[in-house]
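Everything quoted here is computed from the prediction, not taken from an experiment. All ligand and atom numbering here is 1-based and tracks the order in the structure.
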Amino acid sequence: MAEIEQLRNCRMCPRNCGVNRYHATGYCRLGALLKINTWQKHFGEEPYISGTKGSGTIFFSGCNLTCVFCQNYQISQLNSGKEYTIAKTADIMLELQADGVHNINLVTPSQFSIQLIEALHLARKRGLTIPIVWNTNSYEKVEILQKLNGLVNIYLADIKYASNAAAIKLSKAPDYFNIATKAISEMYRQVGHIRLDENDIARKGIAIRILVLPEDANGTEALLKWLAENIGNDVYLSLMSQYYPAWQAAKYPETTRSLSQGEYDSAVELAEKYGFHNCLIQELSPSADWTPDFNN
Ligand code: SF4
């Protein structure tokens with residue numbers, strides 16, 4: 001259990017708080033136990049993740065980012081949830097597997113990476129066989145991701161901002177682009193591009209998500225250019241259209257309104273310009289399904 005000792009001087013994410021999580025909390029305001037808001041069979045992820053039987057999502061409380069527009073702020077910022085041990089978390093994974101889901105989908109896991117490494121080892125030992133999805137904001141340390149090598153099968157990774165000024169202003173995330181691009185490069189090194197099984201369900205690989213923001217607050221073109229040049233335009237890409245001004249977004253001129261159709265269309269055109277041929281697009285509606293684009 002040497003890994004777990006790292007909780008006594010928590011540096012598991014780029015915040016590097018150095019607190020003892022058994023007695024204190026750092027930026028994420030979370031202790032040593034895992035904290036989970038809910039777990040369920042979920043059908044709203046990309047079709048190759050949700051499939052027909054659903055994705056076994058576990059929504060972790062807290063986050064190491066503070067996105068002013070977070071649509072799940074009760075969970076991510078107000079830390080709503082209940083604490084669970086590593087053993088109980090492994091049990092939850094096994095319960096979901098017994099319910100027939102395609103995969104175990106760990107949503108916002110970074111602030112519990114060390115505990116999850118232990119939980120995943122335990123769950124595998126107890127019979128967990130389905131793929132593990134690490135569903136992350138990509139504000140991750142490479143040395144922690146290296147400990148997930150071989151444990152995680154699929155990385156579902158956001159890339160949020162090309163501009164560090166925007167990342168600081170809208171997510172309080174210094175050096176986001178530099179940190180996230182190093183993290184995504186490591187994820188890609190571990191698992192490569194998405195491989196599907198005979199039912200078109202992902203077995204392994206990395207998929208990238210961009211939540212398109214109004215006023216091009218992401219710097220979408222710079223993000224797509226980096227991806228094309230460093231990961232390749234074969235990567236599975238999801239351009240998410242569901243932005244609306246939640247939580248504190250109205251305080252910032254860039255994020256005070258929903259995304260316009262023109263802004264979303266521009267992002268789709270840029271993805272086409274950079275040759276992303278495994279791209280999923282959406283209608284401009286929070287409940288819209290995914291539609292594959294550029295696949296011919
Ligand atoms: S996981 Fe939490 S306490 Fe640990 S370094 Fe990150 S923000 Fe700080």
Side-chain angles (χ1 to χ4, degrees), residues 1-37 57-70 72-86 88-90 92 105-122 132-149 151-152 155-161 164 166-187 247-248:
M1 297 286 275
E3 295 290 0
I4 211 74
E5 285 303 304
Q6 294 180 46
L7 286 173
R8 297 189 186 282
N9 176 18
C10 186
R11 295 180 188 280
M12 79 171 83
C13 89
R15 301 281 176 192
N16 286 319
C17 300
V19 295
N20 181 342
R21 292 207 14 207
Y22 290 97
H23 302 299
T25 58
Y27 185 89
C28 62
R29 292 168 281 109
L30 292 157
L33 287 170
L34 289 123
K35 197 167 185 188
I36 295 173
N37 181 271
T57 41
I58 304 177
F59 292 91
F60 291 99
S61 309
C63 187
N64 63 353
L65 298 184
T66 307
C67 300
V68 297
F69 47 81
C70 184
N72 297 317
Y73 70 94
Q74 292 95 339
I75 304 173
S76 69
Q77 305 302 319
L78 307 183
N79 288 5
S80 148
K82 211 174 136 196
E83 291 187 320
Y84 295 91
T85 62
I86 286 168
K88 177 61 191 169
T89 305
I92 291 169
N105 186 349
L106 307 174
V107 182
T108 321
S110 316
Q111 64 280 13
F112 297 115
S113 300
I114 295 298
Q115 298 95 318
L116 283 168
I117 288 166
E118 302 289 344
L120 288 168
H121 279 300
L122 191 59
I132 301 298
V133 181
W134 193 259
N135 190 333
T136 172
N137 59 36
S138 303
Y139 203 54
E140 303 255 21
K141 289 171 87 164
V142 168
E143 58 266 42
I144 298 294
L145 290 170
Q146 285 168 345
K147 295 178 196 294
L148 297 171
N149 193 9
L151 280 173
V152 166
Y155 287 103
L156 203 46
D158 295 347
I159 186 162
K160 288 177 174 292
Y161 306 100
N164 286 319
I168 289 169
K169 184 175 181 185
L170 300 176
S171 294
K172 298 191 178 50
D175 211 19
Y176 177 86
F177 182 72
N178 183 34
I179 287 170
T181 50
K182 284 194 175 117
I184 288 170
S185 298
E186 169 59 21
M187 296 175 208
W247 198 38
Q248 301 179 339

### Task
Name the orientation class of the two ring planes belonging to Y176 and Y139 (parallel below 30°, tilted from 30 to 60°, perpendicular beyond 60°).
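Aromatic pair Y176/Y139 classed parallel.
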
### Query
Got the closest protein heavy atom to atom 1 (S) of ligand 1, with its distance?
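The closest one turns out to be R21 NH1, 3.3 Å.
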
### Query
Got the closest protein heavy atom to atom 4 (Fe) of ligand 1, with its distance?
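Going by distance alone, atom 4 (Fe) of ligand 1 is nearest to C10 SG, 2.3 Å.
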
Relative to the heavy atoms of [X], which atoms of ligand 1 are at a distance of less than 4.0 Å?
X	result
N16	5 (S)
C13	5 (S), 6 (Fe), 7 (S)
R15	7 (S), 8 (Fe)

### Query
Under the side chain to side chain donor-acceptor pair (under 3.5 Å) criterion, do Y155 and S138 qualify, and how do the steps go?
CA-CA 10 Å; Y155 287 103; S138 303; over 6 Å; no

### Message
If we only consider heavy atoms of R29, is any one of them less than 4.0 Å away from an atom in ligand 1?
### Response
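R29: no contact with ligand 1 (<4.0 Å).
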
### Query
Can a donor-acceptor pair be found between the side chains of N164 and N178 at a distance below 3.5 Å?
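No pair is found: no donor N or O on one side chain lies under 3.5 Å from an acceptor on the other.
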
### Query
Do any of the N, O or S atoms of C17 sit under 2.8 Å from atom 6 (Fe) of ligand 1?
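Short answer: no, not a single N, O or S atom is under the cut-off.
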
### Worked check of side chain to side chain donor-acceptor pair (under 3.5 Å) between S61 and N79
CA-CA 5 Å; S61 309; N79 288 5; over 6 Å; no

Would you call [X] and [Y] a side-chain contact if the rule is heavy atoms closer than 4.5 Å?
X	Y	result
M12	L7	yes
W134	L151	no
L116	L34	yes

### Query
Does the shortest distance from atom 2 (Fe) of ligand 1 to an N/O/S atom of C28 fall below 2.8 Å?
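Yes - counting backbone and side chain alike, C28 has an N, O or S atom under 2.8 Å.
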
### Message
One residue to check: L30. Relative to ligand 1, which of side chain, backbone, both or neither has a non-hydrogen atom less than 4.0 Å away?
### Response
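It is neither; nothing of L30 touches ligand 1.
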
